[in-house]
Amino acid sequence: MSTQEWINAGALEELKQVRSKVIKGGIAVFYHEDEVRAVDNRCPHLGFPLHLGSVCDGILTCHWHHARFDICSGGTLDPWADDVPAYDVKVEDEEVWVSSKPRNAGNAEKLKRRLQEGLEQNIGIVIAKAVVGLVESGVPADEIVRIGVAFGTSQGSGWGAGLTILTAMRNVLPKLDTSGRILALYHGLVHVARASSGRAPRHLLGALPPSPAPMERLMEWYRSCVEVRDTQGAEKVLLTAIANGASPEQLADMMLISVTDHFYLDGGHTFDFHNKAFEALESLGAALTEPILASLVPLVGSPTRSEELHHWQAPVDLVTPLRQAFERLREPADPEHSVQLDEQAFVDQLLSDRPIETVDRLTRLLLGGAAPERLAQLICLAAAERIVRFHTQNEFGDWVAVLHTFTYAHAVHERLRRSKEPLLNRALYYGAMAIYHDRFLNVPRAPKPKPASGFSFAPEELLELMDRRQQIDEAASWVAGYLGRRQDPQALLGTLGLALLREDAEFHTFQLYEAVVSEYDHWADRSDAFADQAKETCLIACARYLAAHAPSARELPHTAKIAWRLSRGEKLFEEE
């Protein structure tokens with residue numbers, strides 16, 4: 001008998017008297033119904049010592065939250081708990097010996113099943129423990145995200161905030177340390193579970209029978225279905241295009257052209273959600289093409305079409321000039337009449353109160369050969385400037401207005417980096433006009449933050465500022481001072497990520513952080529003064545928005561912290 005494999009638990013007669021005891025390795029040993037049983041002493045729910053529980057009719061009950069376990073197998077009767085590791089036991093010469101290794105140790109496949117169960121039952125602690133176990137087991141993040149996306153797209157009414165958060169958090173993982181990556185995945189998956197809770201499974205309609213219809217015809221059909229809000233017809237056309245072998249690029253163009261046929265659908269959310277879905281598809285692979293893309297179709301069933309809204313028609317009619325501009329864009333670009341892009345002048349124009357001039361300048365730039373991707377980047381920068389200059393005298397809820405414009409503009413930028421489809425250029429105009437509509441939120445403009453002094457500019461200082469409510473200007477000044485000292489902006493992005501993930505953040509705050517990370521990186525390959533100012537604008541916008549929405553109750557990250565401590569064998573319950 002090897003002492004390395006078996007642990008002595010003392011005399012059998014002693015165990016009969018005391019009924020339970022804790023031995024080396026934190027194992028609880030019980031004498032029950034004339035048998036010896038052994039399980040891990042920590043309740044897998046929240047760590048309460050199980051030797052303080054009770055055993056009746058073969059069921060071990062934890063006295064903290066009343067989780068119940070089969071004393072023989074360690075299996076739990078309660079879905080919100082987990083199986084407790086159980087150990088083999090043998091008795092030799094009236095001495096009890098317990099195996100040093102549990103019978104039912106977790107593995108990656110078991111953890112994946114538990115994650116699926118946590119999503120199905122909408123149980124945060126189960127999701128948290130599965131994420132911790134999978135990350136610490138070295139399972140690639142995309143495998144974890146894939147489980148969440150596959151589940152989320154099979155439930156409910158389509159792609160929404162939960163799946164958007166999960167995809168956004170997947171995108172920012174490189175900026176985060178291990179604990180940050182765990183928190184990011186956990187937040188995303190919990191929001192997917194919440195969005196799907198109580199929803200019926202979603203069943204796809206199926207493609208049309210095999211047909212020689214070319215992709216161009218299918219694109220026409222899809223746009224026609226969207227025009228009349230026929231989501232069933234649109235889904236069947238979409239699935240037919242997928243079955244016919246359409247590429248992801250063709251599918252993206254088909255769906256996003258239909259989204260831009262009308263102005264700024266649902267305040268930008270429709271375009272933004274489409275972009276996130278295609279980003280998820282890029283990272284997770286073709287196997288999820290049908291469920292991911294079909295989950296977008298419900299979004300076009302009843303979105304608000306902004307050309308029908310009063311403030312797009314009066315006191316300034318924006319609808320007619322935009323439609324006229326779209327007609328002008330049908331003209332071929334003329335290389336001999338190229339227009340020089342002055343980046344600062346264009347941003348200033350976007351931030352002005354002269355929208356008709358903005359439409360004309362944008363049109364001349366496009367016809368003059370300016371890259372749509374570059375214009376989209378500048379529109380996004382102007383939207384970020386609105387957040388930097390958002391005055392705290394505004395109603396608190398108006399933060400979301402400037403946020404929507406920024407995240408929409410970011411989505412347009414990402415799509416135009418991937419597509420050369422001319423009809424998608426219409427999305428640039430919608431972003432430009434949304435920036436115009438947000439002008440009242442910069443009246444008066446918040447002053448540009450001055451670099452703070454009296455700090456060492458350690459990351460903890462920024463987090464301490466955000467432990468107090470409404471430290472908006474203070475956080476912005478701290479960031480300006482940090483950057484003024486030429487400290488590492490990538491480390492700052494990581495700190496801002498932690499500031500987000502330690503909160504019970506709502507949907508828009510996740511959107512903001514991911515968009516800032518991406519836009520910052522798009523400017524990172526330039527070191528000229530304009531680019532440096534653009535990067536600073538992104539970081540200050542992020543700090544101001546995060547500070548405006550902190551602190552919260554921080555319940556979600558507390559649950560993740562419990563799960564991580566349990567996985568590391570720490571004691572969560574201490575006897576007096």
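Because only heavy atoms are used, hydrogens play no part in the values below, and waters and symmetry mates are left out as well, while side chains stay in. Source: prediction; values computed, not measured. Numbering starts at 1 and runs along the sequence shown.
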Hey, what's the ring geometry for Y430 with F263, parallel, tilted or perpendicular (30° and 60° as the breaks)? tilted

Which of parallel (below 30°), tilted (30 to 60°) and perpendicular (above 60°) describes H508 and H404? tilted

Closer than 3.5 angstrom, by distance alone: can the side chain of [X] be matched with the main-chain N or O of [Y] as a donor-acceptor pair?
{"X": "S99", "Y": "D88", "result": "no"}
{"X": "D266", "Y": "T304", "result": "yes"}
{"X": "R202", "Y": "A294", "result": "yes"}
{"X": "E506", "Y": "T509", "result": "yes"}
{"X": "N122", "Y": "S197", "result": "no"}
{"X": "Q250", "Y": "S247", "result": "yes"}
{"X": "D83", "Y": "T76", "result": "yes"}
{"X": "Y408", "Y": "L403", "result": "no"}
{"X": "T289", "Y": "A286", "result": "yes"}
{"X": "R42", "Y": "I27", "result": "no"}

We want to know whether R170 and T167 form a side-chain donor-acceptor pair, criterion being a heavy-atom distance below 3.5 angstrom. no

Validation row: [X], [Y] side chains within 4.5 angstrom (heavy atoms):
{"X": "L299", "Y": "F273", "value": "yes"}
{"X": "L238", "Y": "M254", "value": "yes"}
{"X": "I147", "Y": "E143", "value": "no"}
{"X": "V297", "Y": "W159", "value": "no"}
{"X": "H262", "Y": "T260", "value": "no"}
{"X": "W80", "Y": "E117", "value": "no"}
{"X": "E290", "Y": "E235", "value": "no"}
{"X": "D82", "Y": "R114", "value": "yes"}

Could you check whether [X] pairs with [Y] (Lys NZ or Arg NE/NH1/NH2 to Asp/Glu carboxylate O, under 4.0 Å)?
{"X": "R554", "Y": "E503", "value": "yes"}
{"X": "K276", "Y": "E514", "value": "yes"}
{"X": "R305", "Y": "D261", "value": "no"}
{"X": "D438", "Y": "R386", "value": "no"}
{"X": "E109", "Y": "K112", "value": "yes"}

When the ring centroid of [X] is compared with that of [Y], is the distance short of 6.0 Å?
{"X": "F396", "Y": "H549", "result": "yes"}
{"X": "H187", "Y": "F510", "result": "yes"}
{"X": "F278", "Y": "H274", "result": "no"}

For [X] and [Y], work out which heavy atoms get closest and say how close.
{"X": "S73", "Y": "D70", "value": "OG-OD2, 2.7 Å"}
{"X": "C62", "Y": "L50", "value": "CB-CD2, 3.7 Å"}
{"X": "Y222", "Y": "S258", "value": "CE2-OG, 3.3 Å"}
{"X": "N171", "Y": "P174", "value": "O-CD, 3.6 Å"}
{"X": "A384", "Y": "A541", "value": "O-CB, 3.8 Å"}
{"X": "G301", "Y": "T231", "value": "CA-CG2, 3.4 Å"}

Decide side-chain contact (heavy atoms from CB on, under 4.5 Å) for H45 and W64; before the verdict, give the C-alpha distance in whole Å, the side-chain angles of both, and the deciding distance to 0.1 Å. CA-CA 10 Å; H45 178 220; W64 205 352; over 6 Å; no

Value rounded to 0.5 Å, distance of [atom1] in [X] from [atom2] in [Y]:
{"X": "L134", "Y": "L185", "atom1": "CG", "atom2": "CG", "answer": "9.5 Å"}
{"X": "I144", "Y": "R181", "atom1": "CD1", "atom2": "CZ", "answer": "10.5 Å"}
{"X": "L539", "Y": "Y520", "atom1": "CG", "atom2": "OH", "answer": "5.5 Å"}
{"X": "L163", "Y": "F151", "atom1": "CG", "atom2": "CZ", "answer": "10.0 Å"}
{"X": "L119", "Y": "S154", "atom1": "CG", "atom2": "OG", "answer": "9.5 Å"}
{"X": "W221", "Y": "T240", "atom1": "CH2", "atom2": "OG1", "answer": "8.0 Å"}

Going by side chain to side chain contact (heavy atoms under 4.5 Å, CB included), V402 matches just one of I387, T407, I435. Which one? I387

Could you give me the CA-CA distance, side-chain angles and deciding distance for D467 and R502, then say whether salt bridge (charged side-chain N to carboxylate O under 4.0 Å, His left out) is met? CA-CA 10 Å; D467 282 333; R502 69 178 185 161; 3.2 Å; yes

Would you list the atom pairs, donor with acceptor, under 3.5 Å between side chains in residues 490-499 and any protein atom, with sequence neighbours excluded?
| from | atom 1 | to | atom 2 | distance (Å) |
| --- | --- | --- | --- | --- |
| Q490 | OE1 | K175 | NZ | 2.5 |
| T495 | OG1 | A491 | O | 3.2 |

Identify the residue among R415, H413, E414 that makes a side chain to side chain donor-acceptor pair (under 3.5 Å) with N275. R415

Heavy-atom neighbours of [X] [atom1] exceed 12 at 6.0 Å:
{"X": "R229", "atom1": "CZ", "value": "yes"}
{"X": "H558", "atom1": "NE2", "value": "no"}
{"X": "R217", "atom1": "CZ", "value": "no"}

With side-chain contact (heavy atoms from CB on, under 4.5 Å) as the test, would you mind laying out the steps for I59 and F69 before giving the verdict? CA-CA 6 Å; I59 298 295; F69 307 93; over 6 Å; no

Determine whether D253 and S419 satisfy the following criterion, side-chain hydrogen bond (donor to acceptor under 3.5 Å, both in side chains), listing intermediate values before the conclusion. CA-CA 7 Å; D253 286 346; S419 175; 2.8 Å; yes

Under the side-chain hydrogen bond (donor to acceptor under 3.5 Å, both in side chains) rule, collect the residues that match up with E373, sequence neighbours excluded. none

Which residues satisfy the side-chain contact (heavy atoms from CB on, under 4.5 Å) test with C380, sequence neighbours excluded? F406, A409, H410, E519

Between S100 and Y87, does a side-chain contact (heavy atoms from CB on, under 4.5 Å) hold up when you go through it step by step? CA-CA 7 Å; S100 61; Y87 297 80; over 6 Å; no

Kindly determine whether N107 and K110 satisfy side-chain contact (heavy atoms from CB on, under 4.5 Å), including the steps that lead there. CA-CA 5 Å; N107 55 45; K110 181 178 180 179; 3.4 Å; yes

